[in-house]
Amino acid sequence: MLTGKKILVGVTGSIAAYKSAFLIRELIREGAEVRVVMSPSGREFITPLTLATLSKNPVAVEFIKPETEKGAGEWENHVELGLWADLFVVAPASANTLAKLAGGTCDNLLMAVLLSSRCPVWVAPAMDLDMFNHPATQENISKLKQRGVSILEPGTGELASGLEGKGRMQEPEEIAQAVISYFNPQQKLKGKKVLITGGPTYEKIDPVRFIGNHSSGLTGVLLAEACAQMGAEVYLISGPTPYKPMLSGIHFLKVNTALDMFELVQKHWNDCAVGIFSAAVADYRPVEVSHQKIKKSEDTLTIHLVKNPDLLSWAGQHKSDKQILIGFALETENELVNAQAKLDKKNLDLVVLNSLRDEGAGFGHQTNKVTFIAKGNKIINFELEQKVELAKRIAEFASDLLK
């Protein structure tokens, strides 16, 4: 998706410099041509040889090329580098580099290239939380934003100092996905808000046991990313899942139970143009939840269950004429009849039907085989395909329905 694109990667003196190797690998894998320019202190954290091997191009660090004598006058042409690139991504960007760029300081090759480049410049800050929160750093970031520099917001988590907080450089996969979205702007959902539910729900029995299902949450995350790539602001309400969305523009709202999910659906649905309900919501929950672990005693155990709210039905009942609602139907028998009934009963615009009888479909796979059932008895069958491609297909279908 980046074939023919020229991307300059800047690497500065930060412990997160090791991540630049993974970023370069991701960009190369997508077909980009990559060159690297480093600050002198960047070499203390990762070697130019490593980055040159991955990028398949020499790494520029000093004004004078290292293989020549200084008297020979062969220099790294910072102007040429700045003109060559379609995009300049500085990842990691240390507090020192941000300050220099905000102040226009030009004391190394990287800064010279930054000040002479004409392409868009992105910076991915990476530093300790106190350095990031310091007023000086925040003022520098504000200056850079005003000048059109894009800030790849750092994440929150464990830092190299051992502290917890904001300052972690965005993951290489996140940055690569942002680059892909930048160069492939399919903005059919730009300005639209999309609500997506995903994953299972866990209905507690006691502190260690729950009623759940085998949904991994992958489809919900892929749907969120597909819609975000098309310009949407996405609210992903997901039950427990090991996956997380990698793109900006996605509000990742984590829940455990059906009631938790229902509360957030009620909060956000009215503001959204599209709803895609892919979550495997438990139909029932225990009437009572034990506060202590239930001990094994009798040969049988009776748990009284009560029906959970039907999130999809509620959204259909509260859907306006300008909203699009898509639901999923996982069936094991009478698939088509049941899915068509669901379309009408729940006031949906599209049902995505899949069957556990199809090999490679359903839970626990990277693939799925589905049938689209739309209003007017419109039926479209698809062959087995990767879930990431299916997510794009659903997002495209939703944007077409909005027209």
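As the structure is a prediction and not an experimental result, all values here were calculated from the model. The figures that follow rest on heavy atoms only: side chains count, while hydrogens, waters and symmetry mates do not.
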Taking only distance into account, with no hydrogens and no angle test, what donor-acceptor pairs under 3.5 Å do side-chain atoms of residues 272-283 form with protein atoms, sequence neighbours excluded?
unit_1, atom_1, unit_2, atom_2, d
Ser278, OG, Thr197, O, 2.5

Please, which pairs that meet side-chain hydrogen bond (donor to acceptor under 3.5 Å, both in side chains) have at least one residue in residues 125-134, sequence neighbours excluded?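 Of all non-adjacent pairs touching residues 125-134, those that pass side-chain hydrogen bond (donor to acceptor under 3.5 Å, both in side chains) are Asp128-Ser161.
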
Hey, could you give me each pair passing side-chain hydrogen bond (donor to acceptor under 3.5 Å, both in side chains) that has a residue in residues 252-273? Not counting sequence neighbours.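 Output for this query lists Thr257-Asp260.
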
Can you tell me which residue among Lys204, His304, Glu203 is in a side-chain contact (heavy atoms from CB on, under 4.5 Å) with Pro286?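 For Pro286, the side-chain contact (heavy atoms from CB on, under 4.5 Å) check succeeds only for Glu203.
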
Of Asn354, Val352, Leu353, the residue whose pairing with Leu330 passes side-chain contact (heavy atoms from CB on, under 4.5 Å):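 The passing option is Asn354.
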
Taking ring-ring contact (aromatic ring centres under 6.0 Å, His included) as the definition, give me every residue that meets it alongside Phe382, ordered by chain and number, with sequence neighbours left out.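 ring-ring contact (aromatic ring centres under 6.0 Å, His included) check on Phe382 returns Phe372.
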
Test ring-ring contact (aromatic ring centres under 6.0 Å, His included) applied to Phe328 - qualifying residues, sequence neighbours left out: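 For Phe328 there are no ring-ring contact (aromatic ring centres under 6.0 Å, His included) partners, ignoring immediate neighbours.
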
Kindly state each residue pair satisfying ring pair (Phe, Tyr, Trp, His ring centres under 6.0 Å) with at least one member in residues 88-124, sequence neighbours excluded.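 For residues 88-124, and leaving out neighbouring residues, the ring pair (Phe, Tyr, Trp, His ring centres under 6.0 Å) pairs sorted by first residue read Trp122-Tyr182.
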
In sequence, state the C-alpha distance, the side-chain angles, and the governing distance for Glu233 and His251, and then conclude on side-chain hydrogen bond (donor to acceptor under 3.5 Å, both in side chains). CA-CA 8 Å; Glu233 180 181 359; His251 306 277; 2.8 Å; yes

Please, which pairs that meet salt bridge (charged side-chain N to carboxylate O under 4.0 Å, His left out) have at least one residue in [range], sequence neighbours excluded?
range            : result
residues 208-224 : Asp206-Arg209
residues 340-349 : Asp310-Lys346, Lys319-Asp349, Asp349-Lys375
residues 102-118 : Lys100-Asp107
residues 159-171 : Lys19-Glu171, Glu153-Lys166, Arg168-Glu171

Just by distance, no angles: are the side chains of [X] and [Y] close enough, under 3.5 Å, to form a donor-acceptor pair?
X      : Y      : value
Asn381 : Thr371 : yes
Gln177 : Gln229 : yes
Asn308 : Arg285 : yes

Who passes side chain to side chain donor-acceptor pair (under 3.5 Å) against Glu331, sequence neighbours left out?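 Checked Glu331 against side chain to side chain donor-acceptor pair (under 3.5 Å); matches are Asn338.
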
Atom pairs and distances, donor-acceptor, side-chain atoms in residues 9-18, under 3.5 Å, two or more places apart:
unit_1, atom_1, unit_2, atom_2, d
Thr12, OG1, Pro92, O, 2.8
Thr12, OG1, Ser94, N, 3.1
Ser14, OG, Ala16, N, 3.1

Enter the distance from Leu23:CG to Gln170:CD here, rounded to the nearest 0.5 Å.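 Spacing of CG (Leu23) from CD (Gln170) equals 10.5 Å.
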
